[in-house]
Amino acid sequence: MRCYVFPGQGTQKKGMGRSLFGRFPDLRRRADRVLGYPIEELCLENPERRLSETAYAQPAIYVVNALHWAAAEEDLPPADFFAGHSLGEYSALFAAGAFDFETGLTLVQHRAELMSQVGGGAMAAVVGVCEQIVQETLKQHDATGVVIANHNAPEQFVLSGSREELARMKPVFEKVEGVRGFVPVRVSGPFHSPAMAPAAARFRSLLASVDVGEPRTPVISNVTGRPFGPDAQDVRTLLAEQIVQPVRWTDCIRYLRDAGVSDFTELGESQMLTRLIDRITTAPEPAPDPRRDLIERIRREILQPEIGDEALDFDADASFRQLGLNSIIYVRLARRVGTALGIQVKPDIIFQHRSCAALADYLLTREDVARDAAPEAPPITLREYQDERVTALLRDCADGNLSVDRTLEAIRALA
């Protein structure tokens with residue numbers, strides 16, 4: 001199976017798209033009408049070094065990615081999946097038919113303008129150590145407001161925060177055993193962090209007025225590491241959340257690999273994603289940690305819908321009392337546990353176990369899980385499927401190479 005991937009911001013450079021503007025003049029003209037300035041001149045000549053500015057870099061990357069997609073449609077086989085890194089997700093959704101070229105470019109232009117208005121921040125990549133070490137280092141040194149913004153590979157993470165805090169943490173990380181580099185990223189703000197909440201809120205209002213359709217080919221969301229749903233509102237919600245949420249690129253690629261993708265082709269002016277994918281697909285799978293995973297789900301699926309992005313950084317052992325929750329919120333949290341996790345609990349249970357860690361420990365000991373009472377599905381045989389991709393997934397599951405949950409997710413993505 002084949003997946004085309006599109007790069008995001010940081011890959012811009014003078015001369016980008018040089019071989020393709022003349023080949024697809026219609027796309028160039030349509031881009032000029034939307035942007036109000038000549039995109040070819042921006043990409044090839046980089047007047048006043050504008051490609052270093054977010055407001056210009058993001059539209060330029062989107063247009064050049066679209067040129068590469070136009071060439072791929074003529075020269076390469078069709079894709080089974082699409083994915084894009086951060087900004088590249090818009091290119092993936094365009095390629096999958098979720099919106100037309102002009103709509104995507106309009107969204108990207110407004111996104112870039114809103115994100116460029118959030119100043120005072122920066123990003124830097126930490127290379128060589130796992131997520132746990134990165135998180136522990138930030139916590140030990142009280143790195144206020146610094147969060148992991150990009151999960152690029154098992155040992156490459158991008159931090160987002162204030163310039164002052166990142167500058168303070170640079171020598172700290174350089175002394176951590178195993179760290180091979182602390183490298184600034186070419187962006188103008190603290191992207192994919194809670195600091196971008198004002199930009200996300202304004203962008204959410206714009207998205208509500210945009211015509212979005214169901215992707216014709218599955219596109220993997222940076223926010224969830226899973227395919228976008230068929231509902232247009234799901235696409236809008238995830239695109240708005242992506243501005244403040246981390247890019248879970250490692251999860252995206254692992255999902256695609258488990259779904260049967262063996263051929264990843266990067267479209268654009270970079271080989272950055274190709275190198276990251278190589279690291280992800282050759283790295284050993286992390287040991288499963290049900291407790292850690294459940295705590296993360298409680299933050300994202302139970303707390304965040306009720307209290308906002310504050311939940312994402314909420315300490316696992318901190319009491320919910322710090323959030324000032326009232327009794328109505330505890331009722332809602334209990335309902336969300338039932339909806340998201342399939343485990344029915346009463347509000348007083350949430351009140352008694354009022355930290356992410358305590359609630360996770362309680363839920364992990366529960367045996368009366370709602371899904372256990374579901375009627376047993378009829379047996380499935382390989383002969384019932386004519387789709388070779390489904391057959392391959394079922395064989396992997398039967399051989400123990402793929403979990404049942406990941407097999408079901410992969411089959412749903414193919415449906």
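If you're wondering where the values come from, they're calculated on a predicted model, not measured in any experiment.
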Which heavy atom of [X] sits nearest a heavy atom of [Y], and at what distance?
X      : Y      : value
Ala96  : Thr217 : CB-O, 3.5 Å
Ala60  : Leu51  : CB-CD2, 3.8 Å
Ala83  : Ile220 : CB-CB, 4.3 Å
Phe314 : Ser319 : CZ-O, 3.3 Å

Is the closest basic N to carboxylate O distance between [X] and [Y] below 4.0 Å?
X      : Y      : value
Lys170 : Glu174 : yes
Arg297 : Asp293 : no
Glu296 : Arg248 : yes
Arg30  : Glu102 : yes
Asp315 : Lys139 : yes

- Residues forming a side-chain hydrogen bond (donor to acceptor under 3.5 Å, both in side chains) with Asp100, sequence neighbours excluded: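 So Asp100 forms a side-chain hydrogen bond (donor to acceptor under 3.5 Å, both in side chains) with Thr103.
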
Consider only side-chain N and O atoms of [X] and [Y], and report whether a donor and an acceptor are under 3.5 Å apart.
X      : Y      : answer
Gln58  : Glu53  : no
Asn222 : His192 : no
Thr106 : Gln109 : no
Glu269 : His68  : yes
Gln9   : Ser86  : no

Whether [X] side chain and [Y] backbone form a donor-acceptor pair below 3.5 Å:
X      : Y      : result
Glu155 : Val127 : no
Asp80  : Met1   : no
Glu266 : Leu273 : yes
Gln12  : Gly10  : yes
Ser160 : Phe191 : yes
Gln245 : Val223 : no
Asn150 : Asn152 : no
His141 : Thr137 : no

Check the surroundings of atom [atom1] in [X]: do more than 12 heavy atoms from other residues, nucleotides or ligands lie under 6.0 Å from it?
X      : atom1 : answer
Asp75  : CG    : yes
Arg216 : CZ    : no
Gln132 : CD    : no
Arg168 : CZ    : yes
Glu177 : CD    : no

I want to check something: taking the side chain as every heavy atom from C-beta on, are [X] and [Y] in contact at a cut-off of under 4.5 Å?
X      : Y      : result
Val244 : Ser193 : no
Tyr255 : Asp251 : no
Met169 : Val172 : yes
Leu20  : Val64  : no
Phe82  : Ser91  : no

- Task: Over 60° means perpendicular and under 30° means parallel, so classify the ring planes of Phe6 and Trp69, tilted if in between.
- Result: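 Trp69 and Phe6: perpendicular rings.
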
With a 6.0 Å cut-off on ring centres, are [X] and [Y] close enough?
X      : Y      : result
Tyr62  : Tyr90  : no
Phe264 : Phe81  : no
His151 : Trp249 : no

- Query: How far apart are the C-alpha atoms of Gln156 and Arg275, what are their side-chain angles, what is the distance that settles it, and do they pass the side chain to side chain donor-acceptor pair (under 3.5 Å) test?
  - Reply: CA-CA 11 Å; Gln156 180 177 324; Arg275 292 190 290 270; over 6 Å; no

- Message: For Tyr56, does the six-membered ring have the charged nitrogen or CZ of Arg50 within the cation-pi criterion, i.e. under 6.0 angstrom from the centroid and within 45° of the normal?
- Response: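 Here Arg50 passes the 6.0 Å and 45° test against Tyr56.
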
- Message: Here's a test for you: under side-chain contact (heavy atoms from CB on, under 4.5 Å), which of Ile302, Val331, Val345 qualifies with Ile350?
- Response: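 Looking at Ile302, Val331, Val345, the match for Ile350 under the side-chain contact (heavy atoms from CB on, under 4.5 Å) is Val345.
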
- For side chain to side chain donor-acceptor pair (under 3.5 Å), just list the numbers for Glu241 and Gln304, CA-CA rounded to whole Å, side-chain angles, deciding distance to a tenth of an Å, and then say yes or no. CA-CA 11 Å; Glu241 288 185 5; Gln304 189 193 8; 5.1 Å; no

- Per the salt bridge (charged side-chain N to carboxylate O under 4.0 Å, His left out) rule, which among Arg335, Arg332, Arg300 passes with Glu306?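 Of Arg335, Arg332, Arg300, salt bridge (charged side-chain N to carboxylate O under 4.0 Å, His left out) with Glu306 is met by Arg332 alone.
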
- List the steps and the verdict of ring pair (Phe, Tyr, Trp, His ring centres under 6.0 Å) for Phe157 and Phe173. CA-CA 12 Å; Phe157 301 89; Phe173 272 104; over 10 Å; no

